[in-house]
Amino acid sequence: MAAAGVAVRTWPFPGARASGSAGVTKGGILATAFMFVCAVYFLLPAWWLVVSSTKGPSTLYASEGFWFSQLHLMSNLTGLFTYDDGIYWHWLINTLLYAGAGALCATLLASAAGYALAKYEFRGRQLVFSVILGGVLVPGTALALPLYLLMSKVSLTNTYWSVFLPSIVSPFGVYLARVYAAAAIPDELIEAGRIDGASEGKIFRVVALRIMSPALVTMFLFQFVAIWNNFFLPLVMLSNTRLYPVTLGLYTWNNQYGQAPQLVSYVIIGSLISVIPLVVAFLSLQRFWRSGLTAGSVRL
Amino acid sequence: MKSSLPGSRFRGRLLMVMGAVMAGALALAACSSSSGGSGASAPPSGGKVTLTFWSWVPGISQSVSLWNKSHPDIHVNLNEVTSGNAGTYAKMFSALQAGNAPDLGQIEYATLPNFEHVGGVLNLAPYGVNSIKSDFVPWTWAQVTQGSAVYAIPQDTGPMGLFYRADLFKQYGLAVPTTWAQYLSDAQKLHAAHPNVYITAFPANDAQWFAGLAWQAGAKWFSTSGDTWVTGIDDSPSQQVANFWQQLISDHLVKVEPDFASEWYKDLSDGTLLTWPTAVWGENTLITNAASTKGDWRVAAMPNWGSTPANGNWGGSTTVVFKDSKHPAQAAQFAEWLNTNPQSITGLITKGGLYPADLAGQKQPAANSPVPFYGGQNIWQVFQANGKLVNTSFQWGPIMNTTFTQMADGFGKATGGSETLAQVLASTQSQTVSTMKSQGFSVKSG
Amino acid sequence: MRPRRRAGWAPVMFLAPFGLLFALFFVLPIGYAVYESLLKVHVSGLGLGPGSTRTVFAGLANYGQVFSDSSFLQGVSRVLLFAVVQIPVMLVFATVLALLLDSVATRFKRFFRLAFFLPYGIPGVIAAILWSFLYLPGLSPAVAALHGSGFGTVNFLGTNSVLWSIANIVTWEYTGYNMLIIYAGLQAIPADLYEAARLDGASEWKVATRIKLPLVTSSLVLTAVFSIIGTLQLFSEPQVLRAITDNISSSYTPNLLAYTQAFTSNNPNYAAAIAVVLAIGTFILSFGFLRLVQRRGTAA
């Protein structure tokens with residue numbers, strides 16, 4: 001695959017380019033104004049979510065949508081966490097398991113595979129890489145149905161494993177790892193390690209993983225979001241509500257208003273709470289996310 | 001080429017966290033797989049049997065607790081699931097495919113043949129259920145039997161009636177309709193004076209509601225002649241109903257929106273919709289979701305087509321024992337008890353809003369007394385009288401789910417204006433026939 | 001400089017965990033889907049009761065059915081129409097935002113970056129639930145606001161408008177993410193290229209179009225490929241919106257059709273055929289797009 005011409009020089013140099021002097025020009029004011037309008041578009045539903053989370057079911061329909069009314073925040077919160085024997089707690093923990101543990105395992109497996117593909121010569125290396133890359137292009141939802149049929153043959157459906165195991169396979173992670181490892185890990189370092197008598201595994205742990213950390217964070221975040229977002233797989237695999245991730249749980253509540261009208265408020269405040277971990281993860285790992293993305297966008 | 005990160009600390013921590021999380025994941029997974037989620041029952045230890053039961057009837061836990069207290073050796077675990085058409089049937093089918101379906105489940109009459117078709121429900125005749133046959137409304141027993149096999153115990157019925165806003169009818173000067181012609185003229189009068197208020201909603205997504213209306217008109221969608229299915233979804237009674245509602249839609253006399261959705265509940269609460277032709281269990285839906293309109297609604301008999309009164313049935317469920325159950329005899333025993341025991345039935349009526357299929361149950365005070373929400377009207381009398389008028393020869397086909405889906409999709413398109421409801425019936429008929437043929441059924445149009 | 005080849009089993013050890021799971025959860029399901037798609041259920045008698053059905057080999061009958069199924073073909077054309085309109089609009093929007101963010105004229109960059117990226121942190125199902133509240137005529141403050149400012153009653157859920165309402169949700173969700181990828185590509189361009197151009201008197205606009213855009217082509221390609229794959233698998237957003245409108249049929253997108261066939265109509269074999277066709281189609285389209293872009297890239 002041909003490089004896009006911007007080769008190795010794209011390595012993350014924090015602050016590589018100064019933003020230049022922010023002079024106040026007419027173009028500048030227009031640009032900033034346009035950006036503000038766009039920001040309103042992107043933030044408005046989130047704002048609505050925050051405002052609506054403080055409203056009870058009756059005031060939700062009756063009050064002005066974009067501003068607060070009677071505050072029912074505490075009753076919404078207590079209701080949310082006690083409904084159906086505190087099933088929302090289960091959903092949050094499940095999601096952390098599926099997405100957090102899943103992304104961790106995925107990152108480890110993919111980084112090992114990517115490192116091997118980048119740093120070792122062996123027969124069939126390019127073929128293996130192409131097959132794995134093919135996996136990036138296959139739609140996940142097309143896999144979920146046959147996966148369900150397969151798992152039902154071994155009675156694994158409706159268990160944690162049925163969602164966890166498929167989630168720790170990340171072909172895109174392997175791609176990212178390989179690209180990064182190929183460019184960032186100097187062969188001399190590996191040789192030096194070998195001369196010192198270190199085992200291949202030790203070299204990987206001590207040398208490679210350390211250097212690859214920005215890519216590792218990117219792979220982790222990417223897979224974390226992918227698993228968190230994955231709706232079709234748990235929808236197909238799970239029928240025990242105690243095993244649901246929070247997205248599937250809220251979707252189920254969204255279809256049950258007839259049986260319990262107060263669920264409207266719980267869906268809304270449940271949605272708000274469920275996105276907080278993601279936002280926190282992004283904000284705190286921003287630095288690595290950006291530099292890792294640069295690496296991934298280089299070659300295709 | 002050094003990274004500015006404290007790399008070794010990161011790496012070490014990463015591995016530690018990973019290890020801890022994996023251990024946790026394994027432990028949790030082990031716990032869940034041994035308890036089996038909602039799988040089949042555990043083996044008896046010292047004679048105690050545990051059964052799992054999936055149901056969406058509100059408050060059925062009361063009946064289940066009653067059983068558990070009086071039958072300590074057979075313990076029933078209730079899973080309160082969402083309604084069948086909102087996803088539970090899909091779960092049941094997939095659990096059956098995976099071999100880990102629960103012992104007992106709630107299945108509506110219309111979907112029962114579907115489950116019989118996939119071989120998912122057990123024949124209960126060997127467990128002596130025929131002894132309670134005469135306890136039930138005759139057509140309900142007919143719908144749960146195939147030849148000498150009995151595949152379910154009837155739970156409730158859904159005779160239809162007209163719920164209407166008595167206060168708004170008075171306010172707008174409308175007469176309570178006794179025929180569909182009167183219903184139409186009421187709708188026209190209402191719309192002319194108040195364009196933002198509608199006589200009712202047309203839920204294009206709810207093919208089962210439409211089936212109840214066609215049932216009232218005398219439609220015969222499915223019947224069998226030997227080993228051949230005879231399908232008549234677009235027969236003339238059905239077309240009559242379709243053309244009637246098509247006129248209401250084309251003249252904007254009804255609001256096209258899905259039922260059992262937030263907007264629809266809101267419309268029922270704020271007077272946008274004046275009537276709801278529905279089954280007896282709808283009384284609970286209004287109480288739960290239109291609480292602010294307490295005292296405003298009343299119930300009348302369904303409007304009629306001609307001079308001979310007739311009625312249709314919408315919904316109504318049964319209790320089945322699934323094929324994977326390890327304790328079918330005990331499960332059959334519970335199913336019988338649930339639907340015939342007087343205290344159980346009282347709970348089903350008062351908490352679940354059901355109208356029992358059990359004949360003795362229908363005579364209980366709970367199903368014969370005034371209801372405060374309906375201004376003290378004894379609504380049950382309407383349904384008891386009209387329940388007798390339900391056409392008993394209506395039958396369901398073997399792949400109703402597919403037929404309902406095709407019909408709902410078609411109705412959705414029709415309300416957009418691209419075709420009429422009658423055309424949808426015709427295309428559903430031909431689609432059902434061809435789907436059944438491609439699955440190997442012997443079928444002909446009739 | 002090539003690393004000296006060591007004992008051949010080291011790369012195998014690194015690749016094995018990932019490889020095994022990849023084979024189990026990517027390759028095997030595809031194979032199983034193909035297998036299932038060649039079977040059919042045959043009915044005897046009335047088809048009720050146990051033992052009245054059996055599974056037989058059906059060859060390519062299911063595939064014939066797929067390609068003559070009008071609801072499948074309509075779903076495909078709908079999804080293709082969606083892709084042809086929504087993906088370019090979203091990518092243009094993302095590029096414009098990235099360029100504006102990158103230019104010297106804009107202020108408050110960190111705020112805008114966060115604001116635009118926030119929707120990506122909200123899982124697709126939650127976003128669809130959120131927007132479903134904002135689309136409902138009786139409940140939405142947005143509809144009320146539009147009505148109040150003279151646009152009349154906008155019906156977001158009409159027969160023809162619901163597809164674009166779904167497009168709006170998808171655009172809202174992913175523009176920020178795509179913008180970040182492009183922005184990362186922009187950040188990696190060395191500053192001296194600009195200095196030279198500016199010294200020559202080039203305007204911001206010229207700098208943007210002549211220098212920046214060509215150099216972020218690889219990022220754009222990456223975002224386009226992911227968008228294509230995602231769009232062809234469209235499922236969560238239409239599925240959530242089904243609860244509030246009659247205008248989304250059970251076969252609105254090919255994925256919805258597969259799901260309905262598998263779980264409502266009990267045709268796992270037919271559903272498997274749809275999944276296989278969908279997977280192959282997605283693969284061909286995304287791979288074809290990549291090849292097309294690369295050929296143009298090397299030719300230029």
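Quick note on labels: first sequence line is chain A, next is B, and so on, each numbered from 1. Keep in mind that the numbers below use all heavy atoms, side chains included, and drop hydrogens, waters and symmetry copies.
In this structure, no portion of B/Ala149 lies under 4.5 Å from any heavy atom of chain C. Both the backbone and the side chain of C/Ser249 come within less than 4.5 Å of a heavy atom in chain B. Of the atoms belonging to C/Gln261, not a single heavy atom falls under 4.5 Å from chain B. Of the atoms belonging to B/Lys413, it is side-chain heavy atoms, and not backbone ones, that fall under 4.5 Å from chain C. Neither the backbone nor the side chain of C/Asn160 comes within less than 4.5 Å of any heavy atom of chain B. When heavy atoms are compared at a cutoff of 4.5 Å, B/Thr228 approaches chain C solely by way of its backbone atoms N, CA, C and O. Using a 4.5 Å cut-off between heavy atoms, C/Thr264 touches chain B through backbone and side chain atoms alike. Heavy atoms closer than 4.5 Å to chain C are found in the side chain of B/Tyr151, but not in its backbone.
Per-residue heavy-atom pair counts under 4.5 Å with chain C were compared for B/Gln146, B/Lys91, B/Lys266, and the maximum is reached by B/Lys266. Options C/Val43, C/Asn267, C/Val41 differ in how many heavy-atom pairs under 4.5 Å they form with chain B, and the most are formed by C/Val43. For the set C/Leu157, C/Asn266, C/Thr159, C/Thr260, the entry with the most heavy-atom pairs within less than 4.5 Å of chain B is C/Asn266. Per-residue counts of heavy-atom pairs under 4.5 Å with chain C were compared for B/Ala90, B/Gly416, B/Pro258; the largest is that of B/Pro258.
Applying side-chain hydrogen bond (donor to acceptor under 3.5 Å, both in side chains) to C/Ser250 and the options B/Asp409, B/Asn205, B/Thr405 leaves one that passes, B/Asp409.
Side-chain rings of B/Trp56 and B/Tyr89 approach one another, their centers coming within less than 6.0 Å. A distance below 6.0 Å separates the ring centres of B/Trp209 and B/Phe202. Remark: aromatic rings of B/Phe441 and B/His117 are close, center separation under 6.0 Å. The distance between the ring centers of B/Phe93 and C/Phe263 does not fall below 6.0 angstrom.
When all heavy atoms of B/Pro328 and B/Leu122 are compared, the pair lying nearest together is CB-CD1, 3.6 Å.
Remark: side-chain polar atoms of B/Thr231 are not paired, donor with acceptor, to backbone N or O of B/Phe222 under 3.5 angstrom.
For the pair C/Arg242 and C/Glu237, the salt-bridge criterion is not met [side-chain N within less than 4.0 Å of a carboxylate O].
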